[in-house]
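Protein chains get the first letters and strands the later ones, always in sequence-line order, with residue 1 at the start of each.
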Amino acid sequence: MTGMTVIVKTVTRWTAALIFLYGAYVVAYGHLGPGGGFAGGVILACAYILITLAYGGEHALRVLPRAVASRLDSFGALAFLALALVGMVGGGLFFTNWLQQKWAGKAFHVFNGGIIPLANVAIAIKVCMSLFLVFFILSSVRMFGKDEQIDFRSKEVD
Amino acid sequence: MKIDIQTILPLAIAIPLGMGFILPLLGKKLTRLADVAANLATASLVCLSIILLVGRLQGGGAEVYWMGGWRITAGGTVFGINLVLDGLSALMLVLVSVVSFASTLFSSRYMDQYTGRSKYYGLFMLMIAGMNGCVLTGDMFNLFVFLEIAAVSSYALVAFGCESDELEASFKYLILGCVASSFILLSIALLYAQFGALNMAQLGERMAELGVNKGSLLALMMLLAGLGVKAALVPFHAWLPDAHPSAPAPISAMLSGVLIKAIGVYAIIRVVFNVYGWTPELGMALMVLGTLSMIVGGVLAMRQGDFKRLLAYSSISQIGYVVLAIGLGTPLGILAGLFHLANHAIFKSLLFLTSGAVQYRTGTRQLDEMGGLAQKMPITGRTCLVGSMSIAGIPPFNGFFSKLLIIIACVAAGRWGFALCAVIISIVTLAYFLKVQKNAFYGKLKDKWAQVREVPLTMQCSMVLLAVLCVAMGLLLVPGLREAVLEPARDALYQGVKGYQEVVMTLLGSGG
Amino acid sequence: MIYVLCLILFLVGLYGVLSQKNLIKLIIGLGIMEYAVNMFLIMVGYRKDGKAPIMESGTGLDKFLSGAVDPLPQAMVLTAIVINLAVLALAIAIAMRLYQKYGTYDITEIRRLRG
Amino acid sequence: MRRIVIFIVSYLLWCGLVWPYDQNRIGTDGTAWDTGSLLLGLGVALLVAILFGGALTNKPKNLFNPLHIFWVIVYLPVFFYYCIKANLQVMYLVLHPDMPIKPGIVKVKTKLTSESGVTALANSITLTPGTLTVDVINDNELYVHWLVVESAEEDKATEIIVNRFEYFLEKIFD
Amino acid sequence: MSEIIAAILIGIGVLFNLFGCIGLVRFPDVYTRLQAATKCVTLGTCLTLGGVAIYGFAGGFGAMGMKSLLCIGFLAITAPTAAHALARGAYKYGVKLKEPTVVDLYQEVEPQPTSIEDEETETT
Amino acid sequence: MSNELLHVVAVPLVLAGIAHLLGRRLSILARLVGLAGTALTLWLGVRVWWLAAGTAEKASWTLPNWQWLGTLRDTPVLHVDALSGFMLAAACLFALLIVIYSLSSVRGKELANGYFYGHILAALAAAAGALLANDFVTLAIFWGFMGLPFYLLINMGKENCEAAGKKMFIITGASDSLLLLGIGLLLASGHKLGLYGEIATSNAAMAGAFLCFSAAAFAKAGGMPLHSWIPDVAETAPVPVVAFLPASVDKLLGIYLLARISLHSFSITPGGWLSSLLMILGAITIVAAVTMALIQHNLRRLLGFHAVSQVGYMILGIGTGSILGIAGGVFHMLNHAIYKSCLFLTAGSAERRAGTGELDKMGGLYKALPVTFLAAVIAALAISGIPPLNGFFSKWMVYQAVIEMGQTTGGWLWIVLLVAAVFGSALTLASFVKVIHSVFLGQEYKGPEKAPVGPKAGLGMRISMVVLAGACVVFGIWAMQLPLGRMIFPATGIPTQLSIWEPQLATGLILLAIAAGLVIYLLGTAVKVRRDDSYVGGADVSAEPDMRFSAADFYQTISKEMPVLRRLYVQAEKSWYDFYALGRRLIFYVGGGLRALHSGLLLTYVAWCVLGLVVLLWLFVSASK
């Protein structure tokens with residue numbers, strides 16, 4: 001994959017960062033409006049997918065190395081789980097919203113959902129990286145031919 | 001010691017889920033560490049599930065756990081994600097963890113043949129998480145979600161070897177599984193549309209109030225068909241004989257041993273008994289499906305020359321026994337079915353592990369290429385014999401007792417024809433397992449296997465563990481133990497819709 | 001009535017799974033089935049003149065419940081979409097590998113396992 | 001420098017997205033003003049700046065040159081005019097019973113040198129009457145699909161298609 | 001007042017979208033269809049969003065209007081690029097130019113593969 | 001409550017475990033364990049038998065009073081009465097003799113290892129458990145378990161033994177499943193599971209249960225139509241195994257069960273349809289099996305068919321339902337165990353010497369194996385029912401029981417049965433003439449395929465054979481005093497109308513006659529006769545194969561020349577009369593069709609799912625209307 005024409009590359013240059021930003025926005029406001037970890041994560045992944053499409057796989061891997069992606073992938077899920085487990089510390093329940101009391105902000109403000117925004121962020125990381133990996137691997141299958149080991153990872157979120 | 005179930009219950013899902021994401025981080029280099037970690041995880045699950053089983057006994061009845069203590073009641077409907085631990089769930093939990101422990105123990109050397117071990121363990125753990133969630137959840141939609149988690153990881157695990165057979169099997173499995181999931185989801189949607197509840201207890205309550213109509217009947221049939229695919233009941237079984245043999249042996253053991261039960265049979269019986277409530281027609285449908293599976297699986301297993309494929313067909317047949325017995329709806333029938341389910345988990349995983357051991361050393365699965373291997377692989381041969389005898393219902397192994405109970409239950413319920421079928425198929429079972437013994441382990445040793453050795457120690461250990469369980473499980477029928485393990489599971493089903501609803505709803509208050 | 005349309009869409013997907021020989025088209029059929037189910041779920045939650053289930057300032061819980069469409073099916077659909085995504089990604093990956101091994105996308109030629 | 005540009009642009013965009021002036025979302029304190037979101041925006045913009053470093057622009061100085069900004073403002077109505085014209089043309093073609101189209105791909109040349117300039121030109125061409133950029137070769141030769149080919153010759157086509165934008169774009173990007 | 005303006009804008013936008021769709025149906029091949037789709041749909045959508053923005057700002061300068069404006073900008077940049085990428089991809093894949101085509105200079109630099117059947121790709 | 005009952009089951013089981021642990025190492029120690037174990041079990045068994053005479057409480061063993069046993073606490077599990085007691089002792093005795101035999105016979109590394117003795121001990125333990133079981137479930141447990149060591153023992157045999165073992169295990173396993181069905185029937189009708197119930201067989205369910213149990217007994221003992229494993233096993237399994245299980249202990253168990261259910265568990269009407277069915281099956285077994293035996297070429301296979309044939313007498317006897325008949329059947333079973341294991345042991349000895357089991361290739365072994373020869377002759381005469389040996393006495397009792405039944409119930413059936421039984425006895429004699437001639441008499445085979453000459457019979461082998469042959473004589477002559485008086489009548493009750501038969505007197509007369517014959521023979525040999533080898537054209541042809549007349553050839557006429565019989569034989573060769581083969585064929589046929597359905601086409605599979613859904617829906621919608 002060598003990438004596309006200069007037009008696409010340039011537009012990608014202009015927009016990728018903005019798409020990422022928008023994804024971050026969707027994630028951050030997931031608890032206030034439509035969106036959330038999954039939708040935002042998909043948008044985040046779109047930024048990287050756009051780069052992959054426009055510039056080719058190699059450049060995309062320079063921006064986001066595969067090892068980093070798969071580690072972040074696991075990290076996202078673990079962070080989500082850790083958030084849930086922290087709720088159990090001190091006799092609470094699984095998924096107890098342990099931040100809600102201490103960090104109760106004002107309604108409709110960003111910092112008020114307790115652990116929910118944090119969980120959204122974790123999910124977003126997970127989804128973004130998973131989607132990127134899935135896309136990347138699928139797009140590279142034809143490229144590398146038979147010997148490339150497919151990474152059969154299934155992605156589960158929510 | 002009073003065990004606080006409320007504290008540790010979610011760990012049954014959290015541990016495998018967490019490990020499922022930690023293990024892939026270990027990468028390619030730290031494979032031994034991945035082995036150790038995976039084994040530790042499954043061992044801790046075994047401990048956990050046994051603690052839960054015992055703790056549930058101490059606490060009496062069931063335990064209901066609300067995720068995060070979050071629960072709102074609006075318009076008479078309870079929203080929130082809950083876990084329900086009753087006798088049946090506890091039994092299934094123990095089974096899943098025991099079999100998965102044996103499988104991970106076996107995997108540590110068996111998976112030397114494959115690359116990407118940490119990913120393998122990751123998927124494995126996800127599958128366990130899915131199954132544990134599936135047996136614990138008290139809500140239809142989460143049932144679907146966990147079921148899919150387990151199913152998706154199993155699709156990937158079936159294809160793990162990336163050879164053409166494995167890919168083909170996995171693809172077929174995936175397509176059928178997907179069709180099944182859409183059926184399940186559609187029926188859940190139908191149920192929600194009609195009754196406005198997803199919580200199983202509440203759904204059952206409303207269904208009892210409003211009565212079963214065409215729509216809920218459609219939903220039920222779709223559920224039955226969808227979960228029938230997952231449980232591999234004839235005629236929804238066709239993926240199983242492809243998928244189970246193609247997976248790596250420990251995975252086959254998991255798939256046949258617990259997966260089809262946790263996400264198939266368990267879900268079916270939970271829905272039938274605790275949501276819809278058993279009716280004679282429903283019982284009849286289950287019995288017919290079960291008998292059909294029993295016969296078709298048994299007869300087809302006779303014709304197989306591939307060790308693992310034979311075992312796969314025999315799984316269909318044995319699942320048929322389970323469903324037949326549970327479909328009877330009598331206390332004895334349910335007890336017999338659950339007992340057989342537990343036994344089948346143990347001996348079928350044992351058999352798949354031994355087949356894996358044979359494949360590990362000889363590289364073949366074809367029975368006619370083997371012969372006389374008992375001389376060279378004594379432990380494998382013995383354990384396989386134990387497994388075969390158990391599944392064929394030879395005393396004093398556990399399969400005998402469950403088969404005895406099933407036949408008695410069938411006759412006692414006046415279902416003579418089904419009892420006769422069960423008897424005949426049990427003979428057929430014996431016949432094809434003796435074929436395995438004859439072709440693989442006895443007879444003359446072929447020259448090309450002269451150099452074959454016994455498998456490594458950890459693999460032996462896991463097989464011996466299961467073989468010992470095969471003998472020991474027979475003791476579960478002793479009243480003292482039966483009251484502790486099997487009867488609560490039986491009661492969880494036999495109490496029906498009302499009982500389940502009472503159990504869950506009375507515990508509503510104590511949850512949050 | 002609109003539910004029947006969903007059912008028809010579902011059946012279209014099912015027909016696709018049943019009749020198509022091409023692996024990819026088969027997967028598309030699956031996708032259609034899933035969409036039909038998701039759409040059905042959304043419609044189940046729909047309420048005429050209902051608002052989007054987002055809490056605005058000043059709406060209490062009761063008002064929210066009476067005014068907004070049912071948010072639960074939407075959450076369910078979201079989850080179902082995630083699952084479908086995983087499944088479809090896996091399906092396509094396997095289909096591609098199958099193509100490498102068998103050299104065809106024709107499902108009727110991929111039948112090494114039988115009997 | 002580039003990072004600073006991207007940081008600033010991102011932050012501005014964030015502010016636009018968050019728009020802490022929404023009357024529908026009056027918090028418990030009685031105002032819609034949410035300081036937290038602006039603070040969070042700083043963090044996010046920083047993250048974007050770090051991750052996407054120099055992606056946004058090659059010549060950060062241009063972005064703050066008032067002259068360039070002026071020409072952008074001049075360019076916009078021109079572009080908008082052609083855009084409407086294009087739509088009306090398509091409308092005419094679509095609704096005309098005979099569909100008097102004469103499509104074809106022609107080659108045009110541009111004097112623009114910067115990537116951004118070429119891109120802007122190509123996009124402008126795409127959005128304006130009857131033309132659609134198919135490919136760019138050697139950074140200055142554009143192949144354009146033309147709905148009603150008026151001339152297949154390179155120079156003539158260049159004059160018709162390119163020149164109407166080139167002047168402005170040269171000012172903006174070079 | 002602003003509501004009326006918004007309504008008019010939205011109406012025009014939807015109308016353009018409609019023409020674009022008609023063009024999508026009537027035009028003979030991929031490239032001409034892309035022409036129709038890109039132009040009309042871009043402008044139509046932009047106009048619609050502009051209407052929404054005006055409507056949104058009328059109430060009290062809310063987030064809705066701001067987001068609409070951002071959308072317009074974004075759409076203006078990306079839509080032509082997407083059309084370009086599609087056209088180029090289609091050409092490289094071998095989709096033929098249909099009957100009334102008069103000239104194809106692009107063939108000099110990029111000879112089209114011939115193996116692809118038209119019928120198959122038409123439908124995409 | 002007496003722990004001896006537990007010990008007699010547990011001790012051999014524990015020793016079997018020990019022997020298993022020894023495995024192939026330390027074969028001396030393994031033999032010691034085997035010998036000591038069987039001897040110990042015999043001692044325990046005899047003690048248990050004595051307990052049978054005591055009180056009911058003494059004669060049973062109950063589960064301990066442990067908390068976790070729940071309602072099973074204090075349940076009597078094992079029970080001994082006169083019937084099971086003497087059978088247990090007999091089984092232990094046979095085990096001991098077999099082990100003694102094997103000490104010298106299985107010298108090679110093939111068999112003399114811990115596994116072999118472990119399996120023997122395990123089988124003995126299972127047999128003990130099955131004999132002592134107080135209820136049907138315990139019986140079924142031990143009954144089914146016994147197949148496993150037996151199967152493993154068969155697998156130690158010659159080539160194709162694994163196929164025979166499989167067949168055996170499938171049929172006996174099937175019998176276990178039938179037991180389960182019978183248990184289910186009993187429970188469903190509200191009966192207790194004890195063996196001592198006296199349940200009426202008038203209703204269909206109980207008749208079905210009775211048939212299930214008797215089918216299990218048939219399979220174990222080898223009655224037709226569930227007999228077909230016996231010839232195969234007899235041919236391929238190791239000799240001690242054949243002598244131990246199908247010849248003695250399996251018969252013991254099978255007939256024990258049949259006798260037990262006829263005597264104690266169910267009450268069957270003599271001459272009723274159940275009883276008639278049993279008797280007809282018995283008669284068919286007698287005649288058909290012996291006819292098959294006539295044409296066999298393999299010594300052990302021939303003996304195997306006789307083992308089936310003899311079961312017919314036992315079934316016939318028990319089928320009469322009268323005390324005399326049951327006593328006769330049980331007595332015949334005991335006798336059969338004695339002489340048939342003796343015959344198998346002699347066959348093993350002869351086979352070892354000749355290196356083959358084919359009748360055509362044996363001959364003239366009496367010189368090398370005098371003790372074996374003697375034992376074989378005695379056992380052969382006993383099985384053929386020649387007075388005064390034991391076989392005669394028991395057959396005599398069976399005949400009497402049939403006649404008595406015929407006199408009470410009338411009809412013509414009993415005549416047919418009686419004729420069949422007598423005819424079978426005659427054919428038995430005929431076939432044993434063939435055996436004795438082919439194996440021990442006649443000329444030695446010197447053909448091209450002659451196997452190397454093997455060793456003579458060892459001490460242990462001779463001891464076992466002599467003991468068993470001696471038992472044939474003793475049980476024949478002192479039948480009333482020893483076996484009947486001490487063992488069988490206490491179990492079955494004393495029959496009222498036993499015709500006078502004075503074995504001792506008869507023996508004296510027979511001995512007298514034999515002595516007279518001997519004198520005449522000696523007088524005859526007093527005249528010198530020239531004896532020489534045969535010559536044709538100056539060449540010694542006595543070694544030529546053509547000059548050798550095998551007894552087996554003589555019997556070829558039966559299967560070759562008689563058209564009706566020939567067709568039957570051909571069909572029998574194709575196993576048209578074999579339930580096992582028929583079932584196998586049926587299942588393979590059905591399975592072939594099902595396999596073709598699993599065509600590997602994914603679309604078909606999906607179609608099944610949808611079709612299944614539609615059918616389910618249709619059924620339910622139509623049901624809900």
Side-chain angles (χ1 to χ4, degrees), chain D residues 13 15-25 32 79-80 83-84 86-96 99-108 119-120 122-138 141 143-149 151-154 157, chain E residues 12 15-16 18-29 31-32 34-40 42-44 46-47 59-67 69-70 73 76-84 86-88 90-92 97-110:
Chain D
L13 199 68
C15 291
L17 281 172
V18 169
W19 201 244
Y21 194 64
D22 191 343
Q23 296 305 321
N24 285 327
R25 297 183 170 223
F79 174 73
F80 196 65
C83 204
I84 302 259
N87 278 282
L88 293 175
Q89 187 199 1
V90 170
M91 204 169 94
Y92 166 73
L93 290 174
V94 163
L95 295 181
H96 196 287
M99 254 199 332
I101 54 169
K102 208 165 64 166
I105 297 181
V106 298
K107 186 177 170 188
V108 295
T119 306
N123 280 358
S124 302
I125 288 171
T126 303
L127 283 180
T128 49
T131 49
L132 188 149
T133 316
V134 176
D135 202 358
V136 183
I137 290 180
N138 305 330
E141 294 174 11
Y143 287 89
V144 175
H145 183 263
W146 208 349
L147 210 51
V148 185
V149 177
S151 164
E153 287 165 37
E154 193 179 317
Chain E
I12 296 171
L15 214 61
F16 275 128
L18 179 69
F19 294 136
C21 292
I22 295 171
L24 209 57
V25 178
R26 283 199 74 193
F27 279 155
D29 65 0
Y31 309 97
T32 43
L34 268 176
Q35 293 253 18
T38 317
K39 289 184 190 36
C40 293
T42 310
L43 188 70
C46 283
L47 285 176
F61 222 55
M64 192 204 283
M66 203 60 215
K67 280 176 196 160
L69 287 184
L70 289 174
I77 299 176
T78 51
T81 315
H84 148 73
L86 271 175
R88 182 168 172 267
Y91 197 92
K92 293 214 165 178
L97 290 139
K98 271 285 172 57
E99 193 24 59
T101 302
V102 288
V103 60
D104 184 7
L105 292 174
Y106 190 47
Q107 198 151 26
E108 297 159 14
V109 288
E110 194 77 34

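A distance of 10.5 Å separates CG in D:Asn123 from OG1 in E:Thr38, rounded to the nearest 0.5 Å. Note that NE2 of D:His145 is 14.5 Å distant from NE2 of E:His84, once rounded to the nearest 0.5 Å. Rounding to the nearest 0.5 Å places CD1 of D:Ile84 at 6.0 Å from CG of E:Leu47. For the atom pair CE of D:Met91 and CG of E:Leu43, the computed distance is 11.5 Å after rounding to the nearest 0.5 Å.
The candidate with the highest count of non-hydrogen atom pairs below 4.5 Å against chain D, out of E:Ala87, E:Ala36, E:Cys40, is E:Cys40.
Here the closest heavy-atom approach between residue D:Leu132 and residue E:Tyr31 is recorded as CD1-O, 4.2 Å.
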*Check against side-chain contact (heavy atoms from CB on, under 4.5 Å), D:Tyr143 and E:Arg88*: CA-CA 10 Å; D:Tyr143 287 89; E:Arg88 182 168 172 267; over 6 Å; no
*Can E:Gln35 and D:Thr126 be said to form a side-chain contact (heavy atoms from CB on, under 4.5 Å), step by step?*
CA-CA 8 Å; E:Gln35 293 253 18; D:Thr126 303; over 6 Å; no
*Could you go through the side-chain contact (heavy atoms from CB on, under 4.5 Å) check for D:Leu95 and E:Phe19 one step at a time?*
CA-CA 8 Å; D:Leu95 295 181; E:Phe19 294 136; 3.6 Å; yes
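Only the side chain of E:Thr42 comes within contact range of chain D, judged by heavy atoms closer than 4.5 Å. For chain D, the nearby parts of E:Leu34 are the backbone and the side chain; heavy atoms of each come within less than 4.5 Å. Residue contact with chain E, scored on non-hydrogen atoms closer than 4.5 Å, is absent for D:Phe79. No part of E:Ala79 comes within reach of chain D, as not one of its non-hydrogen atoms sits under 4.5 angstrom from that chain.
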